[in-house]
Amino acid sequence: MLQLQIIRENKEAILEALKKRNFDAKPLIESILDLDEKRRSIQTNLDATLAESNKLSKEIGMLFKSGKAAEANTLKTKTADLKETSKKMGDDLNATVEALQNQLYQIPNIPHPSVPAGNTDEDNEEIFKEGDIPTLVENALPHWELAKKYDIIDFELGSKITGAGFPVYKGKGAKLQRALISYFLDKNTEAGYAEVQPPLVVNEASGYGTGQLPDKEGQMYHIQVDDLYLIPTAEVPITNMHRGDLLNEKDFPITYTGYTPCFRREAGSYGAHVRGLNRLHQFDKVEIVRIEHPNNSYQALDNMVEHVKDILRDLKLPYRILRLCGGDLGFTSALTYDFEVFSTAQDRWLEISSVSNFETYQANRLKLRYKDENGKSQLAHTLNGSALALPRVLAGILENYQTADGIKIPKVLVPYCGFEEIN
RNA sequence: GGAGGAAUGGCAGAGUGGUCGAAUGCGGCAGUCUUGAAAACUGUUGAGGGUCACACCUCCGGGGGUUCGAAUCCCUCUUCCUCCGCCA
């Protein structure tokens, strides 16, 4: 959520910047500024009424004390009137504040200056590419066929138990999952991220805090009886650990890593692009989250990018990094880098990580602040990234590491797996 | 599941109807002392709205009520603690 004060002061610049998202914010912002003005005018009137009422109350108290009950009682009738008006104004104020809030929720984050203009993922800007694309055996198979051939992931079985998009990992497939999780967590903790295991279910306030609510509730599984949501990413519970905090400057940086399953309803389309592990309702992910001083957040973003690079180098997977264009940028993000692994067997790039700086957008909703050197409270910056999301990494490994007689395990994972090949 | 108790500023913790945005301690900040630091001492220090700046307003877990007036009384929700029961 953008800060009102910034909207007030930089209206034109914001409108211009949001054009990159192909988002015409003009009507919303006009309306927000109107509501803001209305709110302040109601507030001023209400404050004056309350001030008078407070003053009278004090006088009444004094009159009673000095035994002048009759005078006190005449004043009482005055305060009754004031009370009625202030109640009306209070209701009016609440309604205005709520309308204002709802509209503020509808404005996406301002893209960072480096974000390229564009409409779709075609317009994303490739900024880095590394790793050799392997030459595969003839008749190389996509991962969903490899999974069947070696009996390591069973999609039909998952459909039977739950539904499409909930695979069952079996045998060496299950072990490889566990190995990846351990390896990622080790890698992240070595880099200084503190490991946490958060709840997999969150309340409504947490959903609002990181921006999944309102509007995007369709993407989350909602447990109605208890009014709780299954997390779509560990970003939600981990970032919300600091909701409402007032930090000291020396608390920065705050860095976490956590493994969680993630749940996404995303009805989505059908066909090759969502086959197998390409898109699931439940998948595993190891996430990194940072809370940073505004001066340092882009440095931190770069660090996160370097860290993810390092993991992909370890795994020896060919990958590229994209700077997302305005049209593809997430609602709450100011700048996002996507990592994609090339799958030779599918002949396409698979998104395996997304690293973002949200600047103050989430912090404003979270009321996550720090005291600056002057003792003033300021909003912190929040960032997060996948390090990494499992399914497509797994797909990339299965597809790129396949040979005529089996699937080699990347060297770095062998100690975690306890085997060198799936055959 | 049953019975009690509690929720106050960054933290701990007083405060049971007006003089309370709130004692005290810790922490933070500034200063004195010191070559420097620590200790000690002195001062300062809640958040939000509003204003050029003041004034002023709101906030004592959330919501509602009683009252001229609520941190304080009532209702309700949430969370935590203690005891009993059940259970991995």
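All values reported here derive from a predicted model rather than from experimental measurement. Below, chains carry the letters A, B, ... as their sequence lines are ordered, and counting in each starts from 1. The figures here come from the full heavy-atom set of this structure, side chains too, leaving out hydrogens, waters and symmetry mates.
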Problem - A:Lys76 NZ to B:rC68 C1', straight-line distance once rounded to whole Å - result: 6 Å
Problem - Set of residues satisfying ring-ring contact (aromatic ring centres under 6.0 Å, His included) with respect to A:Tyr401, sequence neighbours excluded - result: none
Handout entry: Spacing of A:Leu82 atom CG and A:Ser57 atom OG [to the nearest 0.5 Å]
Key = 9.0 Å
Completion exercise
Mate of B:rC26 across any strand shown (Watson-Crick or G-U wobble, both atom pairs under 3.5 Å) is B:rG10
Exercise for the section: Figure out the CG/P separation between A:Leu56 and B:rC68, and round it to whole Å. Expected result: 13 Å
Pairs under 3.5 Å (N/O, protein and nucleotides 47-51 of chain B):
unit_1: B:rA47; atom_1: OP1; unit_2: A:Lys371; atom_2: NZ; d: 2.7
unit_1: B:rA47; atom_1: O3'; unit_2: A:Arg369; atom_2: NH1; d: 3.3
unit_1: B:rG48; atom_1: OP1; unit_2: A:Ser377; atom_2: OG; d: 2.4
unit_1: B:rG49; atom_1: O3'; unit_2: A:Arg39; atom_2: NH2; d: 3.1
unit_1: B:rG49; atom_1: O2'; unit_2: A:Arg39; atom_2: NH2; d: 3.0
unit_1: B:rG49; atom_1: N2; unit_2: A:Asp47; atom_2: OD2; d: 3.2
unit_1: B:rG50; atom_1: OP1; unit_2: A:Arg8; atom_2: NH2; d: 3.2

Handout entry: Nucleotide B:rU19, atom P - distance to NZ of A:Lys58 in whole Å
Key = 7 Å
Handout entry: Aromatic contact, A:His242 with A:Tyr256 (centres under 6.0 Å)
Key = yes
Practice task
Write down the partner of B:rA47 under the Watson-Crick or G-U wobble criteria, each distance required to be under 3.5 Å.
Solution key: B:rU58
Practice task
Take atom C1' in B:rG10 and the same atom in B:rG27, then report the distance between them in whole Å.
Solution key: 7 Å
Problem - Validation row, ring centre A:Phe128 to ring centre A:Tyr337 under 6.0 Å - result: no
Practice task
Take atom NZ of A:Lys367 and atom C1' of B:rG46, then tell me their distance rounded to the nearest Å.
Solution key: 17 Å
Exercise for the section: Tell me the partner of B:rG1, counting only Watson-Crick (N1-N3 plus N6-O4 or O6-N4) or G-U wobble (N1-O2 and O6-N3) with both under 3.5 Å; none if nothing fits. Expected result: B:rC84
Fill in the blank from the handout: Taken to the nearest whole Å, CG/A:Asn54 to P/B:rC20 is 15 Å
Practice task
For B:rU16 and B:rC73, measure between their C1' atoms and round to the nearest Å.
Solution key: 9 Å
Practice task
Send over the distance from A:Leu50 CG to B:rG69 P, rounded to a whole Å.
Solution key: 11 Å
Practice task
Could you check whether the rings of A:Tyr221 and A:Phe166 sit parallel, tilted or perpendicular, using 30° and 60° as the cut-offs?
Solution key: tilted
Exercise for the section: Just jot down the ring-ring contact (aromatic ring centres under 6.0 Å, His included) partners of A:Tyr298, sequence neighbours excluded, or say none. Expected result: A:His112
Problem - Identified pairing partner of B:rG36, criterion: Watson-Crick or G-U wobble below 3.5 Å - result: none
Problem - For B:rC20, the Watson-Crick or wobble counterpart (both distances under 3.5 Å) - result: none
Practice task
Using the C1' atom on both, measure B:rC84 against B:rC60 and round to a whole Å.
Solution key: 33 Å
Practice task
Can you run down the salt bridge (Lys or Arg N to Asp or Glu O under 4.0 Å) pairs that involve residues 178-202 of chain A, sequence neighbours left out, and say none if there aren't any?
Solution key: A:Lys187-A:Asp310, A:Lys187-A:Asp314
Practice task
Indicate whether any N or O donor in one side chain lies under 3.5 Å from an N or O acceptor in the other, for A:Asp227 and A:His222.
Solution key: yes
Problem - Cationic tip of A:Lys172 above A:Phe419 ring, under 6.0 Å, 45° of axis - result: yes
Exercise for the section: Take atom P in B:rC77 and the same atom in B:rA55, then report the distance between them in whole Å. Expected result: 41 Å
Exercise for the section: Once you apply the 3.5 Å cut-off to both distances, tell me the Watson-Crick or G-U wobble partner of B:rA71, or none. Expected result: none
Practice task
Nearest-nucleotide wise, let me know which of A:Met62 and A:Lys55 is further upstream toward the 5' end of RNA chain B.
Solution key: A:Met62
Exercise for the section: Nearest whole angstrom, please: distance from the P of B:rC59 to the CG of A:Leu46. Expected result: 11 Å
Handout entry: Close approaches to RNA chain B from residues 81-106 of chain A, in residue order (heavy atom, under 4.0 Å)
Key = A:Lys83, A:Lys87
Can you give me the N/O atom pairs linking the protein to nucleotides 70-79 of chain B at distances under 3.5 Å, or say none if there are none?
none

Handout entry: C1' spacing across the pair B:rG25 / B:rG13, given as an integer number of angstrom
Key = 8 Å
Handout entry: Within 6.0 angstrom of A:Lys170 NZ, more than 12 heavy atoms from elsewhere
Key = yes
Problem - Interatomic distance at C1', B:rA14 relative to B:rG65, whole Å - result: 28 Å
Problem - A:Tyr370 ring center within less than 6.0 Å of A:Phe252 ring center - result: yes
Exercise for the section: Taking the side chain as every heavy atom from C-beta outward, state whether A:Glu292 and A:Asn357 have any atom pair closer than 4.5 Å. Expected result: no
Practice task
Check the pair A:Arg40 / A:Asp36 against salt bridge (charged side-chain N to carboxylate O under 4.0 Å, His left out), numbers first and verdict last.
Solution key: CA-CA 6 Å; A:Arg40 276 183 292 166; A:Asp36 178 43; 3.3 Å; yes
Handout entry: Separation between the C1' atoms of B:rU19 and B:rU72, rounded to whole Å
Key = 15 Å
Practice task
Have a look at A:Ser57 and say if it touches a base, only the backbone sugar-phosphate, or nothing, with a 4.0 Å heavy-atom cut-off.
Solution key: base
Problem - Who pairs with B:rG31 - Watson-Crick or G-U, where each distance is under 3.5 Å - result: B:rC41
Practice task
Starting from C1' on B:rG69, measure out to CG on A:Asn73 and report it in whole angstrom.
Solution key: 14 Å
Handout entry: Partner nucleotide, any strand, of B:rU66 [Watson-Crick/G-U, under 3.5 Å]
Key = none
Handout entry: Side-chain heavy atoms of A:Glu359 within contact of A:Pro294, under 4.5 Å
Key = no
Handout entry: Nearest-angstrom distance, P atom, B:rU67 to B:rC56
Key = 28 Å
